[in-house]
Amino acid sequence: MKKLLKLLTNKFIITFILFIIEVSGIILLTLYLTNISIWIYIGFKALSIILAIAVISRDSNPSYKLALVVPVLIFSLFGGIVYLFMGRSRTGFKQRKRLRRIGKNIGTLMSYTNERLHIPTKEFSDDAYKLVNYVTADSGFPCYGSTKTEYYASGEFFFDALAEELRKAERFVFMEYFIYEDGKFWGEISDILCEKARAGLDIRIIYDDVGSLFTLRRRDKKKLTSAGVKIMAFNRMMPSFDIRLNNRTHRKITVIDGNVSFTGGVNIADEYINEKPKYGHWKDTAMKFVGPATWSFTVMFLSFWQVEHEEEKDYMQYAPTAVSEAKGYVQPLSDKPGQNLQLLENTFLSMINNADKYVYINTPYLIIDNELASALCLAAKSGVDVRITVPHIPDKRIVFLMTRSFYPQLIRAGVKIYEYTPGFIHAKSVVVDDACAYIGSCNFDYRSLYLHFECGALLYNTPSIEDMRDDYLATLCACEQITYEKTRNTNVFVRIARSLLRLFAPLL
């Protein structure tokens, strides 16, 4: 059933099915050529042209336009169906209402702690200060000092730290993850949550209705609710052509007592801590925050929770009370898809464009638009040491083929590509010049950058940046660097397949 659902929701498969229907329709028209069938064909062709013009006239990414115009024009008989499945950039009324409410919630909640806003001018470079201002303006989340950070170079370390902090919880725990799956990881965490809920703590969980569709079982939910844990499914699956079904919460957030928070790439499932190997060794990362910056993660969670629940009467009960003696600054951030802001893509572009020495990137998927590809190539040609680490063992073969289609262009420009040979690298991070870094849930692909709700944190001059850099360089010892010759030493049919897949990358 799970595989069937993935097939039915894979837009590449849908495109292929529509192509078969299109060819069949043309054959039928040829066999039964009548005046009526000719006019029907002309009508569908006219519809395809109108839809193509509508796509071209949009204020959106050119890659999306190209990926939509080609199938809409090719599938002249069924261009409308293609457009319904893939083409509508404008979300439905319910989703627009949801987005407005999330934005309002963020603004309301952030107003409770404006006195904690701290944007230092003396310790930031001009470029970093501009980035801080941009992220604050577009996301609503400010930059904080006095926040201690701790980096975890594997899911196993994160698991231990998360369990330890949950056991120390005294007032409340908020958790939001894409996947919760039965096993050692979720079993231990859920036991702690149930124990805390029975003790009277406010325990809340948000899960994505697609990400956890087959992994968060009914008996798990019953166990939690029986203990007093409050559960919410985000963006429930419903039969619809609405693009909002793509707007999943891919965020990874834990907040404990308002003072401790976690984010990173790790979901609550055993493969993330290498208890259940799926694709070789699973390399992931996460980070803990102690101090005022935790408030932004609290706001992220509550802004979603309040979409389907009554507003809280006393927000200050969730405000942080801890202040850490810590060097540097932290700026949590979360995007809002469907509003053409591309907050995280613009953040990555700023980091890459402002790099002087190096840019180190971890991502499980490398499916980027022209803006990111050009920025990476320009940085490399300008003498910046640009390195990107991706998996060697794929979890999705079509996506892996598409990732490899970007290798030649990037390598020719001087970007160094590495594949993590022990298995699958799921970490999502960017480190620049020992001065700025990102860690969070966002992949370098269209789905994360344009469709999903994502989160993370920007670090400025914190000690954890050096930890991230050192871990990145250590991980390269387990990687194979991909040469340009190797990218060309592939079957001609594979190269053709990669080119076609790259054309339709924004639709997958």
Side-chain angles (χ1 to χ4, degrees), residues 91-114 116-117 136 138-142 169 171-178 180 193 196-197 200-212 216 221 224-225 228-238 242 244-245 247-263 292-320 332-339 341 343 440-441 452-457:
T91 54
F93 173 76
K94 185 175 180 181
Q95 180 68 342
R96 294 199 300 274
K97 185 178 178 181
R98 183 200 303 268
L99 290 170
R100 283 197 299 270
R101 187 168 180 188
I102 289 171
K104 181 182 177 182
N105 291 343
I106 290 172
T108 300
L109 289 161
M110 290 310 303
S111 69
Y112 278 77
T113 55
N114 274 344
R116 298 180 184 277
L117 173 61
T136 303
D138 261 17
S139 72
F141 297 111
R171 295 185 293 131
F172 68 90
V173 175
F174 299 155
M175 294 184 70
E176 178 185 336
Y177 288 85
F178 185 61
Y180 298 84
L193 296 177
K196 292 294 181 179
L201 276 67
D202 182 3
I203 311 296
R204 307 184 196 182
I205 289 175
I206 295 176
Y207 67 91
D208 186 82
D209 203 36
V210 171
S212 297
L216 186 57
K221 297 176 190 176
L224 293 164
T225 54
V229 177
K230 302 167 189 173
I231 304 175
M232 171 183 149
F234 181 81
N235 200 1
R236 289 188 179 277
M237 280 291 291
M238 295 168 55
D242 198 332
R244 73 183 178 86
L245 292 179
N247 297 148
R248 314 315 315 170
T249 175
H250 194 244
R251 308 192 306 188
K252 284 84 176 169
I253 298 171
T254 296
V255 176
I256 303 169
D257 292 342
N259 293 319
V260 177
S261 53
F262 294 88
T263 193
T294 289
W295 175 246
S296 283
F297 289 110
T298 305
V299 170
M300 290 177 204
F301 181 92
L302 288 175
S303 67
F304 274 19
W305 187 265
Q306 290 181 177
V307 169
E308 297 187 16
H309 297 82
E310 290 185 12
E311 293 188 8
E312 308 287 335
K313 294 181 180 179
D314 178 18
Y315 295 116
M316 293 311 296
Q317 64 180 310
Y318 307 117
L333 71 165
S334 178
D335 60 358
K336 297 184 284 291
Q339 298 186 342
L341 295 178
L343 171 72
S441 65
H452 283 166
F453 289 92
E454 303 284 359
C455 73

| said: Could you go through Met175 and Tyr180, starting from their C-alpha distance and side-chain angles, then the distance that decides it, and tell me whether this counts as side chain to side chain contact (heavy atoms under 4.5 Å, CB included)? | reply: CA-CA 11 Å; Met175 294 184 70; Tyr180 298 84; 3.8 Å; yes
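- The CD1 atom of Ile253 lies 6.0 Å from the OG atom of Ser334; values are rounded to the nearest 0.5 Å.
- For Glu454, there are no salt bridge (charged side-chain N to carboxylate O under 4.0 Å, His left out) partners, not counting sequence neighbours.
- For the atom pair NE2 (His452) and CZ (Phe178), the distance works out to 5.5 Å, reported to the nearest 0.5 Å.
- For the pair Arg204 and Asp202, the tightest heavy-atom approach, listed with the atom from each and the gap, is NH2-OD2, 2.9 Å.
- Looking at every heavy atom in both residues, Thr294 comes nearest to Asn259 through OG1-O, 3.2 Å.
- Minimum heavy-atom separation, Phe297 to Ser261: CD1-OG, 3.4 Å.
- With Lys252 contributing its side chain and His250 its backbone, the two residues share a donor-acceptor pair below 3.5 Å.
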| field | Chi angles and distances behind the side chain to side chain contact (heavy atoms under 4.5 Å, CB included) call for Phe172, Ile203 | value | CA-CA 6 Å; Phe172 68 90; Ile203 311 296; 6.0 Å; no
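- Looking only at side-chain heavy atoms (C-beta outward), Trp295 and Val255 stay at 4.5 Å or farther from each other.
- Side-chain atoms of Arg171 come within 3.5 Å of backbone atoms of Asp257 as a donor-acceptor pair (strictly under, hydrogens ignored).
- Between the side chain of Gln306 and the main chain of Ser303, no donor-acceptor pair closer than 3.5 Å is present.
- Phe301 does not carry Arg251 over the face of its six-membered ring by the limits of under 6.0 Å from the centre and within 45° of the normal.
- In this view, Asp208 and Arg248 satisfy the salt bridge (charged side-chain N to carboxylate O under 4.0 Å, His left out) rule, not counting sequence neighbours.
- Across all non-hydrogen atoms, the minimal contact from Trp305 to Ile206 is CE3-CG1, 3.8 Å.
- Checked against a 6.0 Å centroid threshold, the rings of Phe304 and Phe453 count as neighbours.
- Note: Phe174 CZ to Tyr318 OH = 4.5 Å, rounded to the nearest 0.5 Å.
- Taking each heavy atom of Ala233 and Asp209 in turn, the nearest pair found is CB-OD1, 4.0 Å.
- One N or O on the side chain of Asn235 and one on the backbone of Asn247 form a donor-acceptor pair closer than 3.5 Å.
- Considering all non-hydrogen atoms of both residues, Ser139 and Leu343 come closest at CB-CD2, 3.6 Å.
- In this structure, Leu216 CG and Ile205 CD1 are separated by 7.5 Å, a value rounded to the nearest 0.5 Å.
- In this structure, Tyr207 has its ring center no closer than 6.0 Å to that of Phe234.
- Counting heavy atoms from C-beta outward, Met300 and Thr249 have side chains that stay 4.5 Å or more apart.
- Side-chain atoms of Tyr315 and Thr298 include no donor-acceptor pair closer than 3.5 Å.
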